[in-house]
Q: 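Below: one structure in structure tokens.
Values below: all heavy atoms of this structure, side chains included; hydrogens, waters and symmetry mates excluded. It should be emphasised that the depicted structure is a prediction, and the values quoted were computed from it without experimental measurement. Below, chains carry the letters A, B, ... as their sequence lines are ordered, and counting in each starts from 1.
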Protein chains: 2
Amino acid sequence: MSKSNDPIDRIARSCIAVRVRLLNRVITNLYDDALRPLGLKVSQANILVVAAKLGVARPAQVCELLNLDASTLSRNIERMQAKGWLEVVPDEDGRSQPFRLTAQGRKLLETAVPAWEQAQEKATALLGDAGVEMLHKITRPLGLSTKPY
Amino acid sequence: MSKSNDPIDRIARSCIAVRVRLLNRVITNLYDDALRPLGLKVSQANILVVAAKLGVARPAQVCELLNLDASTLSRNIERMQAKGWLEVVPDEDGRSQPFRLTAQGRKLLETAVPAWEQAQEKATALLGDAGVEMLHKITRPLGLSTKPY
DNA sequence: TCGACTTGGTTGTATATGCAACTTTAGGCG
DNA sequence: CGCCTAAAGTTGCATATACAACCAAGTCGA
């Protein structure tokens with residue numbers, strides 16, 4: 001029964017990144033499947049939700065909340081703006097490009113709630129209640145909810 | 001103190017996908033940072049490890065193990081083959097394109113072990129022992145280790 | 001044996017993601 | 001004021017990821 005001590009075996013057996021990434025693919029596909037009829041991806045839904053919560057969102061703030069690279073967010077916003085879900089608002093600080101939901105974006109988000117519920121239910125079944133709780137505990141210090149959002 | 005029942009608030013507070021994806025970004029960056037000096041990304045390291053374990057790996061099998069789309073793997077292999085880390089071997093079944101590590105690929109993987117150890121240590125600190133255990137428990141039924149690998 | 005179906009991969013297209021380098025705007029400081 | 005640095009975004013580039021459509025090879029039943 002003794003497990004090999006070969007480092008490569010150890011990695012195969014215990015690598016955290018492999019597991020987290022695997023889980024990420026499974027969960028992301030689950031939500032993407034649920035949202036597909038709406039033409040929405042979970043990555044975009046995240047941003048809609050943050051925008052809804054913040055009212056006017058500054059990219060730098062969103063990057064911090066979601067641990068997203070600024071360039072990634074920049075392009076996501078670009079696409080979502082093109083779809084009419086977000087709009088950029090002016091700011092005194094000339095560097096900033098704050099954005100917010102459009103009416104269309106808000107409506108889309110509201111329409112998406114049932115699909116989200118459905119995916120969330122499946123995900124909960126997959127992780128188990130203890131798993132969900134642990135996930136929240138682990139991710140609480142990371143960006144989200146560190147600061148009130 | 002009472003929390004809002006607005007569905008959007010509920011999503012912001014409890015969405016599993018948001019958390020898993022956030023965690024994925026944090027962990028992936030952690031390992032990518034550690035592996036960067038070697039010119040290796042954690043996604044590629046995953047594949048090297050699987051190839052090392054399997055000897056000769058069939059893409060379909062790897063996709064099942066890692067819950068990866070076939071087209072994704074196809075292109076990952078392509079890139080890694082171009083770098084000389086993998087080689088495709090012939091098969092009786094003309095459809096199959098099994099691959100395995102090259103000597104160079106094996107050497108790279110061995111060289112990467114210390115960097116992996118370092119990232120793994122940081123990730124463990126981040127998740128906590130209970131978190132790591134829970135992660136393994138949750139992901140055990142998903143692809144990996146369902147079948148002996 | 002032939003045709004329908006299945007299995008295994010690849011290709012076209014779109015999105016997501018991050019690093020490096022760059023531009024623009026603010027903020028200090030002499 | 002004029003310069004230097006810091007902060008906020010954007011752009012070029014590479015990789016990762018998945019869906020849809022496709023092609024090729026194997027399987028199986030009539």
Side-chain angles (χ1 to χ4, degrees), chain A residues 17-18 20-37 39-47 56-64 66-83 85-86 88-99, chain B residues 17-18 20-37 39-47 56-64 66-83 85-86 88-99:
Chain A
V18 169
V20 168
R21 293 170 56 80
L22 170 60
L23 184 61
N24 177 61
R25 283 190 293 269
V26 171
I27 296 287
T28 295
N29 289 342
L30 213 140
Y31 285 75
D32 275 351
D33 286 349
L35 295 170
R36 186 161 307 120
L40 185 62
K41 312 243 296 175
V42 65
S43 44
Q44 302 170 334
N46 286 0
I47 295 174
V56 172
R58 290 181 307 99
Q61 181 186 13
V62 176
C63 286
E64 178 131 10
L66 296 181
N67 231 286
L68 258 186
D69 189 85
S71 64
T72 299
L73 180 61
S74 177
R75 269 130 182 174
N76 286 349
I77 293 172
E78 184 179 52
R79 282 185 282 265
M80 294 172 73
Q81 199 180 357
K83 299 194 187 222
W85 302 338
L86 297 179
V88 172
V89 300
D91 194 287
E92 313 108 34
D93 188 332
R95 293 169 298 183
S96 191
Q97 297 287 293
F99 63 94
Chain B
V18 170
V20 168
R21 291 171 56 80
L22 170 60
L23 184 61
N24 177 61
R25 284 190 292 270
V26 171
I27 296 288
T28 294
N29 289 341
L30 213 145
Y31 285 75
D32 275 351
D33 287 348
L35 295 171
R36 186 161 307 119
L40 185 62
K41 313 243 297 173
V42 66
S43 45
Q44 302 170 334
N46 285 1
I47 296 174
V56 172
R58 288 181 310 100
Q61 180 186 14
V62 175
C63 286
E64 178 130 9
L66 297 180
N67 230 285
L68 257 185
D69 188 85
S71 64
T72 300
L73 180 61
S74 178
R75 269 131 183 172
N76 286 348
I77 293 172
E78 185 179 50
R79 283 185 281 266
M80 295 172 71
Q81 199 180 355
K83 299 195 186 216
W85 302 338
L86 297 178
V88 172
V89 300
D91 193 287
E92 312 110 33
D93 188 332
R95 292 168 301 184
S96 192
Q97 298 285 293
F99 62 93

Q: Could you check how far CH2 of A:W85 sits from C1' of C:dT15, rounded to whole Å?
A: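 My rounded result for the distance is 11 Å.
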
Q: Toward the 5' end of DNA chain C, which comes first, A:D91 or B:S74, by nearest nucleotide?
A: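 Upstream on the strand: B:S74.
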
Q: As a test of reading the structure: which of C:dA16, D:dC19, D:dA18 is closest to the side chain of A:R25, going by heavy atoms?
A: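 The answer is D:dA18.
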
Q: Between B:L68 and A:A60, which is nearer to the 5' end of DNA chain D once each is assigned its nearest nucleotide?
A: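 Here A:A60 is the residue nearer the 5' end.
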
Q: Mind checking the CG-CD spacing from A:N46 to A:Q44? Nearest 0.5 Å is all I need.
A: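 It comes to 10.0 Å.
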
Q: Is any side-chain N or O of B:K83 closer than 4.0 Å to OP1 or OP2 of D:dA14?
A: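 Answer no for this pair, as no side-chain N or O of B:K83 is under 4.0 Å from OP1 or OP2.
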
Q: What's the closest nucleotide to the A:P59 side chain, out of D:dG9, D:dA16, C:dG8?
A: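 Per side-chain heavy atoms of A:P59, the pick is D:dG9.
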
Q: Determine, stepwise, if the pair A:V20 / B:Y31 fulfils side chain to side chain contact (heavy atoms under 4.5 Å, CB included).
A: CA-CA 12 Å; A:V20 168; B:Y31 285 75; over 6 Å; no

Q: With respect to the side chain of A:S96, which nucleotide from D:dA8, C:dG8, C:dA16 is positioned closest?
A: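 So the nucleotide nearest the side chain must be D:dA8.
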
Q: Mind calculating the distance between CG (A:D69) and P (C:dT15) to the nearest angstrom?
A: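 Rounded to the whole Å, the gap is 19 Å.
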
Q: Which is more 5' along DNA chain D, the nucleotide nearest B:G94 or the one nearest A:S71? Just name the residue.
A: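 In this pair, the answer is A:S71.
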
Q: Need one value for B:R79: base, sugar-phosphate or nothing, where a base atom within 4.0 Å counts as base even if backbone is also close, heavy atoms only.
A: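 Base contact.
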
Q: For A:Q97 and C:dT24, what is the distance between atoms CD and C1' respectively, to the nearest whole Å?
A: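 For the pair A:Q97 CD and C:dT24 C1', the rounded distance is 10 Å.
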
Q: For B:E92, answer base if it contacts any base atom (sugar-phosphate contacts may also be present), sugar-phosphate if it contacts only those atoms, and nothing otherwise; contact means non-hydrogen atoms under 4.0 Å.
A: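 Sugar-phosphate: the residue B:E92, judged by heavy atoms under 4.0 Å, touches backbone atoms but no base.
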
Q: For a quick check of understanding: with a heavy-atom distance under 4.0 Å over all strands, which category does B:T72 fall into, base, sugar-phosphate or nothing?
A: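 The answer is base, as B:T72 lies within the cut-off (heavy atoms under 4.0 Å) of a base atom.
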
Q: Base, sugar-phosphate, or nothing: which does A:N29 touch, judged by heavy atoms less than 4.0 Å apart?
A: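 If one applies the 4.0 Å heavy-atom cut-off, A:N29 turns out to touch the sugar-phosphate alone, with no base involved.
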
Q: Under 4.0 Å, heavy atoms only, any strand: does B:R75 hit a base, just the sugar-phosphate, or nothing?
A: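 B:R75: base contact, heavy atoms under 4.0 Å.
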
Q: Supply the atom-to-atom distance B:D32 CG to B:I27 CD1, rounded to the nearest 0.5 angstrom.
A: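 The distance works out to 11.5 Å.
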
Q: How long is the line joining CD of A:E78 and C1' of C:dA16, in whole Å?
A: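 After rounding, the gap between these two atoms is 13 Å.
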
Q: Out of C:dT24, C:dG12, D:dT15, which has the shortest distance to the side chain of B:K41?
A: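 Nearest listed nucleotide: D:dT15.
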
Q: Might you point out which heavy atoms bring B:L35 and B:K41 nearest each other, and give the distance in Å?
A: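 Scanning both residues completely, I find the closest heavy atoms to be CD1-C, 4.0 Å.
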
Q: To the nearest angstrom, how far is A:Q61 atom CD from D:dA8 atom P?
A: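 Answer to the nearest Å: 11 Å.
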
Q: What are the two closest heavy atoms between A:R25 and B:L66, and how far apart are they?
A: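 Closest heavy-atom pair between A:R25 and B:L66: NH2-O, 2.7 Å.
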
Q: From the list D:dC19, C:dG9, C:dC19, which nucleotide is the closest neighbour of the side chain of B:R58?
A: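 Of all the options, the side chain of B:R58 is nearest to C:dG9.
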
Q: Side-chain N or O of B:N76 versus OP1/OP2 of D:dT17: is the shortest distance under 4.0 Å?
A: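 Looking at the OP1 and OP2 atoms of D:dT17, one of them is under 4.0 Å from a side-chain N or O of B:N76.
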
Q: Nearest of C:dA16, D:dG9, C:dG18 to any side-chain atom of A:Q44?
A: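 Shortest atom-to-atom distance from the side chain points to C:dA16.
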
Q: Output the rounded distance in Å from CD1 (A:I77) to P (D:dA8).
A: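 One finds 14 Å between P of D:dA8 and CD1 of A:I77, rounded.
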
Q: Among side-chain atoms of A:R21 and A:N24, is any donor-acceptor pair under 3.5 angstrom?
A: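 Side-chain D/A pair, A:R21 to A:N24: absent.
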
Q: Distance check needed: C:dA16 C1' versus A:L66 CG, whole Å only.
A: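 For the pair A:L66 CG and C:dA16 C1', the rounded distance is 13 Å.
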
Q: In whole Å, what is the span from the CE atom of A:M80 to the P atom of C:dT17?
A: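 Result: 11 Å.
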
Q: By the 4.0 Å heavy-atom rule, please label B:D93 as base, sugar-phosphate, or nothing.
A: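 Sugar-phosphate: the residue B:D93, judged by heavy atoms under 4.0 Å, touches backbone atoms but no base.
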
